[in-house]
Amino acid sequence: MDEQRRRRYLEAMGIQVWEPRAGAQPGRKVTASETPRPAAEAPDAEAPVASLSWVELRARVAACTRCTLHQTRTQTVFGVGDPNARLMVIGEAPGADEDRAGEPFVGRAGQLLNAMLEAIGLAREQVYIANIVKCRPPGNRDPHADEAAACQPYLQRQIALLAPEVILAVGRVSAHNLLGTEEAVGRLRGRTHRFDPGDIPLIVTYHPAYLLRRPQDKAKAWQDLQAVYRLLHAESPEAG
Ligand code: SF4
């Protein structure tokens, strides 16, 4: 793995990257005045979200109180996956399992999502998974519009840092927030949308939790995943 790629992995994992001081010699004891410093300066609490690195963004989200969801969360659910991923999966909000685990799409819905991804040859670790909001809405209700708006800069920054080739919007709340529409998922799926900024191809599909309740729609979700596959392999999504 090259150095730049390694650093991006570590940053996305929330691991601080340390820089050796110039002129440091292997095996030589480091004195107090030469203590290694972080590559980046301490995160500036006032810095615009759009300027933050992965590490800074994760820290900003972890401390966030921009909406009332912070009052009831166990922890924030930032996102997980490969910071070099070509595919970004965006769901709606953490549920009870995710709130406990601090990771999106765990539990039965997460297992189904993993299986959907594996069906197009992608391991969970090869994509990046995030949500519209980073804190669990109480009782697993949908996030309110003001909560989604408060959290939007974080997701926007994740998308900008990742620069995915394709976005998969999972479920109604995700599709509505990403596309600025209120059309039903059934009408949004089956075609390629464009996400701005970035003009990124975006496919809408059903949420795995919905598919667990309505397994008869899994065939449609499979069609959506095939469209993602074709986009990633530069084939026409209309073909087949
Ligand atoms: Fe902040 Fe988003 Fe959590 Fe609201 S949902 S407190 S905006 S991180």
Side-chain angles (χ1 to χ4, degrees), residues 8 11-16 40 42-83 85 88-107 109-110 113 127-164 167-182 185 195-198 200 202 204 207-210:
R8 288 186 66 188
E11 283 208 348
M13 299 281 290
I15 298 168
Q16 181 66 63
D44 176 355
E46 301 300 318
V49 171
S51 71
L52 301 180
S53 68
W54 279 113
V55 169
E56 293 163 341
L57 183 64
R58 182 184 284 271
R60 183 73 66 88
V61 168
C64 181
T65 57
R66 280 171 59 95
C67 80
T68 54
L69 294 183
H70 82 274
Q71 294 167 352
T72 47
R73 73 187 177 210
T74 301
Q75 59 190 314
T76 53
V77 179
F78 179 72
V80 71
D82 182 351
M88 184 171 194
V89 177
I90 303 178
E92 55 185 64
D97 290 336
E98 289 77 14
D99 178 67
R100 257 191 307 274
E103 184 170 327
F105 284 99
V106 296
L113 177 68
V127 308
Y128 195 89
I129 307 173
N131 280 317
I132 295 291
V133 295
K134 315 302 187 200
C135 303
R136 180 195 180 202
N140 290 351
R141 65 162 169 78
D142 288 348
H144 295 154
D146 60 330
E147 295 158 353
C151 217
Q152 186 191 41
Y154 303 136
L155 180 63
Q156 292 276 6
R157 185 58 183 154
Q158 286 177 305
I159 295 171
L161 285 166
L162 193 66
I167 292 173
L168 178 64
V170 172
R172 175 177 49 82
V173 171
S174 173
H176 286 183
N177 278 281
L178 291 171
L179 295 174
T181 179
E182 297 202 342
V185 169
F195 175 80
D196 278 318
I200 302 166
L202 183 151
V204 174
H207 196 285
Y210 168 87

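The first residue in the sequence is number 1, and the count goes up from there. Whatever order the structure lists ligands and atoms in, that order sets their numbers, starting from 1. These numbers come from a predicted model, not from an experiment.
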task = Please round to the nearest 0.5 Å and tell me the distance separating atom CG of Leu162 and atom CG of Asp82.
result =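 Leu162 CG to Asp82 CG: 8.0 Å, rounded to 0.5 Å.
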
For atom 4 (Fe) of ligand 1, the protein heavy atom that lies nearest, with its residue and separation =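 Going by distance alone, atom 4 (Fe) of ligand 1 is nearest to Cys67 SG, 2.3 Å.
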
Does [X] reach the side chain of [Y], with side-chain heavy atoms less than 4.5 Å apart?
X      : Y      : value
Val80  : Pro104 : yes
Gln158 : Met88  : yes
Leu69  : His144 : no
His207 : Phe105 : yes

inquiry  = Taking Pro94's backbone N and O only, do any of them form a donor-acceptor pair with Asp99's side chain (distance below 3.5 Å, no angle check)?
reply    = no

If the cut-off is 4.0 Å to any non-hydrogen atom of [X], which atoms of ligand 1 fall inside it?
X      : value
Cys64  : 1 (Fe), 6 (S), 7 (S), 8 (S)
His70  : 6 (S)
Ala150 : 7 (S)
Arg73  : 3 (Fe), 6 (S)
Cys151 : 2 (Fe), 5 (S), 7 (S), 8 (S)
Lys134 : 5 (S), 8 (S)

request  = Return yes when at least one N/O/S atom of Cys135 is nearer than 2.8 Å to atom 4 (Fe) of ligand 1, and no when none is.
outcome  =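 Under 2.8 Å: Cys135 has no N, O or S contact with atom 4 (Fe) of ligand 1.
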
